[in-house]
Protein chains: 2
Amino acid sequence: MTEKQEKILQAALQLFACEGYHATSTSKVAKAAGVSEGLIFRHYKNKEGLVMAILEEGESRLKSLFVDIVMETDPKEVLRKTITMTTKIDPSDYDFWKLQFKLKWELEISGDKKMEPVKMALANAFHKLGYQLPGSEAKLLILFIEGIGSSLLTGPETNQDEIIQLLLKKYDL
Amino acid sequence: MTEKQEKILQAALQLFACEGYHATSTSKVAKAAGVSEGLIFRHYKNKEGLVMAILEEGESRLKSLFVDIVMETDPKEVLRKTITMTTKIDPSDYDFWKLQFKLKWELEISGDKKMEPVKMALANAFHKLGYQLPGSEAKLLILFIEGIGSSLLTGPETNQDEIIQLLLKKYDL
DNA sequence: TGCAAAAGTGAGTAATCGCTTACAAAAATA
DNA sequence: TATTTTTGTAAGCGATTACTCACTTTTGCA
C-alpha cells in the first residue's frame, strides 16, 4: 500500500463517516488526501470500490472486538464482555464505527452478519445459565449493544458507564 | 393543501425513506409525483424545505404515539405502554419512521428531543416503582425501544413480539 | 363577470457529479 | 543500464444536480 493510497483511505473514511457517502464527492476525497482525483479510480475502480476497501481494511477492528467474546467459555464472562464491549472501542476508531451505522441506513449495507457469532455465543451462554429463552435474550442484548454504540457515536458526551453498570447488575454480573 | 402538493410529499417521503435523502433527486420526486420539477421549489423553496415539510406533516404521528404514554399516571402502565409502543405503529407509517432513522444518520437530524417527554415519564414511573436509578433505567429502556424499532424497520420479518414479551417479564408486567 | 393571486409548467441555468483518457514520473525487474 | 510495470497527474467527458424564470392555467373573491 502506497503512502498516497493510505491518505486516500484515511481521508475517505473521515469524510464518509462525518458527511455521509452520497454527500462526499470523489473530488472532495482527492482534495482532502492531497491527491489527483484520477488516482482514486486507478486504485479502487470506482466510488463503491473505495468504500468497500475502507470496510475491508477495518475488518480487523471488528474482529478484534468480537473474538474476545466468541472465544470465551465462561457464560457469565461472555455476558460481561458483551455488555462492556463498547468501552473497549478506541476513540481513534470512532469514525470507522460511525461509518458502519451510516452505511447501514444510507446504503442499507448492514454489518449485522458480522455480529452473528456473537449472537450465537450469547444464546449459548444464556442457555448454560438456565435462561428460558436464550435466543430472545441474545437478540435483546445485541439490541442494547447497538443502541449504546449508537448513542456513544452520536451523542456529545455520553456517560455510558452508568447504563452499563445498571445492565451488569440486571444480569447478576 | 393541493392534491399535487400531497402527491409531492407522498412521493418524496417514499423515496427519501427508501433510497435516502442525497440519493433522491428533486427530478425523481417530481417524476414520481407526476408533477413538474419547478412546482416543488414553488411550494417548498428548496430540497431541505421539502424534507422539513415531510417531518412537520408527520409530527402528529409522533405525538399520537407518545401522548398515550406521557398522559398515563399508573407507573406500571407507563412501562407497559412504552415497551409495546412499536406494536402500535401502523405499517403504512413505516416509511415515515424509516425516514426518522435515515435522517438521523445521513443528515444528523435527530428526533431525540421528541422522546424527551417519554424519558421523563419513564424516569418518573421508575421512581414511583422504587427503582434505584430511575434516570438510567429510563435511558436503558429507551435504548431498547429504539433498537426494537430499528430492527422492525430494517429486518425482513421480525418477531418483535417475542422480545417484547421477554422485556415485559423482565419488568414484572 | 372581472381580475388579482395562487398553482402549475417546461425550458433553461451554472455547477458539480462519477469517471475516462492521454500522458509523465517513478519503481521494479531484467 | 534498458525496459516493462506501476503510480500518479491534469484535463476534460457526458450526465445529473439543485434551482430559476418567463410564462400559462386555475382558483378565489369583490
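Letters go in sequence order (proteins before strands), and every chain restarts at 1.
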Using the side-chain heavy atoms of [X], tell me which of these nucleotides is nearest: [options].
{"X": "Thr26(A)", "options": "dG18(C), dA18(D), dA7(C)", "value": "dG18(C)"}
{"X": "Leu39(A)", "options": "dG8(C), dA18(D), dT9(D)", "value": "dT9(D)"}
{"X": "His43(B)", "options": "dA18(D), dT20(C), dA7(C)", "value": "dA7(C)"}
{"X": "Phe41(A)", "options": "dC19(C), dG8(C), dA18(D)", "value": "dC19(C)"}
{"X": "Asn46(A)", "options": "dT17(D), dC19(C), dT7(D)", "value": "dC19(C)"}

Whole-Å distance separating the [atom1] atom of [X] from the [atom2] atom of [N]:
{"X": "Ile40(A)", "N": "dT20(C)", "atom1": "CD1", "atom2": "C1'", "value": "14 Å"}
{"X": "Ile8(B)", "N": "dG8(C)", "atom1": "CD1", "atom2": "P", "value": "8 Å"}
{"X": "Leu15(A)", "N": "dC17(C)", "atom1": "CG", "atom2": "P", "value": "12 Å"}
{"X": "Gln5(A)", "N": "dT6(D)", "atom1": "CD", "atom2": "C1'", "value": "10 Å"}
{"X": "Lys31(A)", "N": "dG18(C)", "atom1": "NZ", "atom2": "C1'", "value": "14 Å"}
{"X": "Tyr21(B)", "N": "dT17(D)", "atom1": "OH", "atom2": "P", "value": "13 Å"}
{"X": "Arg42(B)", "N": "dT20(D)", "atom1": "CZ", "atom2": "P", "value": "11 Å"}
{"X": "Lys28(A)", "N": "dC17(C)", "atom1": "NZ", "atom2": "P", "value": "7 Å"}

Judged by nearest nucleotide, the residue sitting upstream toward the 5' end of DNA chain C, Glu3(B) or Glu37(A), is Glu3(B)
**Message:** Under a 3.5 Å threshold, yes or no: a donor from one side chain and an acceptor from the other, between Lys119(B) and Asn124(B)?
**Reply:** no
Counting only side-chain N and O atoms of [X], is one of them less than 4.0 Å from OP1 or OP2 of [N]?
{"X": "Ser27(A)", "N": "dT16(C)", "result": "no"}
{"X": "Ser36(B)", "N": "dG10(C)", "result": "no"}
{"X": "Lys4(A)", "N": "dT9(D)", "result": "yes"}

NZ or CZ of Lys47(A) within 45° of Phe41(A) ring axis and under 6.0 Å: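 The answer is no; the distance or angle limit is not met.
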If you take all heavy atoms of Ile145(B) and Met85(B), which pair is closest and at what distance?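 The pair with the smallest heavy-atom distance is CG2-CE, 3.8 Å.
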Quiz item: Of all heavy-atom pairs between Val51(B) and Leu103(B), which one has the smallest distance, and what is that distance?
Solution: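 Heavy atoms only, the tightest pair is CG2-CD1, 3.9 Å.
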Is the distance between the ring centroids of Phe16(A) and Phe96(A) less than 6.0 Å?
->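 When the ring centroids of Phe16(A) and Phe96(A) are compared, they turn out to be at least 6.0 Å apart.
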